[in-house]
Amino acid sequence: VVCWGCANNGGRAPTDLDGGGVVKLCSNPKAFTAIKEDGTVVCWGHTGCGGDARAVGKLSGKTMIASSAMGFAALRKGGSVICWGSPVVTNMGLVDSKLTDVVSIAGSSYAFAALKNDGTVLCWGQG
């Protein structure tokens, strides 16, 4: 992964990526997220907008990532969802316990949506 631009907004890739092995890459206006072959999640850029993935851990299986202006969401194997970044958009609050059997996720500027296996859609974020 090669990056350029403002370092505070992800303009410098971390050394964790020097060995390659990145299989997915996602961005928002201030941060980047990469998933490596072994499921390791590497984030960089503005920490308040998703540039810090310490709480995420490893992801396994086919994983989907979505971004908003201030955070990221990942669909985990088994259909659960994890979010990181600004609590303004990543706080799953009332929908947290309902985010099971998810098959797809998407992000907008300040919100996320999850499509469940039964065809229902759950949304969370600002507003």
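One-based numbering along the sequence shown.
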Kindly say whether Lys116 contributes a backbone atom to a donor-acceptor pair with the side chain of Thr120 at under 3.5 angstrom?
-> no

Give, for atom CG of Asn9 and atom OG of Ser27, the distance between the pair rounded to the nearest 0.5 Å.
-> 11.5 Å

Of the non-hydrogen atoms in Thr90 and Gly85, which two are nearest, and what is the gap between them?
-> OG1-O, 3.8 Å

Between Val1 and Ala13, which heavy-atom pair has the shortest distance, and what is it?
-> O-CB, 4.0 Å

Begin from the C-alpha positions of Cys26 and Ser67 and carry the test side chain to side chain contact (heavy atoms under 4.5 Å, CB included) through to its verdict.
-> CA-CA 7 Å; Cys26 190; Ser67 66; 3.7 Å; yes

Which value, rounded to the nearest 0.5 Å, describes the distance between Cys49 atom SG and Lys30 atom NZ?
-> 5.5 Å

Report yes or no: does Trp84 contribute a side-chain atom to a donor-acceptor pair with the main-chain N or O of Gly50 at less than 3.5 Å?
-> yes

When hydrophobic residues are tied together by side-chain contacts of less than 4.5 Å, even through go-betweens, does Trp124 share a cluster with Met64?
-> yes

Identify whether Leu115 and Val81 are in the same connected component of the hydrophobic contact network (ILVMFWY, side-chain heavy atoms under 4.5 Å).
-> no

Would you sort out whether Leu25 and Thr33 count as a side chain to side chain contact (heavy atoms under 4.5 Å, CB included), showing the intermediate values?
-> CA-CA 6 Å; Leu25 187 64; Thr33 292; over 6 Å; no

Do Ile65 and Ile35 come within less than 4.5 Å of each other through their side chains, counting heavy atoms only?
-> yes

Closest non-hydrogen contact found for Ala66 with Phe112 is O-CE2, 3.7 Å

Is Val56 reachable from Val23 through a run of hydrophobic residues whose side-chain heavy atoms are each under 4.5 Å from the next?
-> yes

Answer with yes or no whether the hydrophobic clustering places Val41 together with Ile82; edges join I, L, V, M, F, W, Y residues whose side-chain heavy atoms lie under 4.5 Å apart.
-> yes

At what distance, to the nearest 0.5 angstrom, does CG of Asp101 lie from CG of Asp118?
-> 7.5 Å

The reported gap from CG in Leu17 to SG in Cys3 (rounded to nearest 0.5 angstrom) is 7.5 Å

Working to the nearest 0.5 Å, report the span between CG of Asn28 and SG of Cys43.
-> 9.5 Å

Salt bridge check: are Lys36 and Asp38 linked by an N-O gap of less than 4.0 Å?
-> no

Spacing of His46 atom NE2 and Asp52 atom CG [to the nearest 0.5 Å] = 11.5 Å

Taking every heavy atom of Val22 against every heavy atom of Ala34, the minimum-distance pair comes out as CG1-CB, 3.9 Å

Quick one: do Met92 and Leu75 end up in the same hydrophobic cluster if we chain Ile, Leu, Val, Met, Phe, Trp and Tyr together by side-chain heavy atoms under 4.5 Å apart?
-> yes

Examine distances only and state if a side-chain atom of Asn91 and a backbone atom of Gly125 form a donor-acceptor pair shorter than 3.5 Å.
-> no

Say whether, by atom type as modelled, one donor and one acceptor occur between the side chain of Trp44 and the main chain of Pro14 under 3.5 angstrom.
-> no

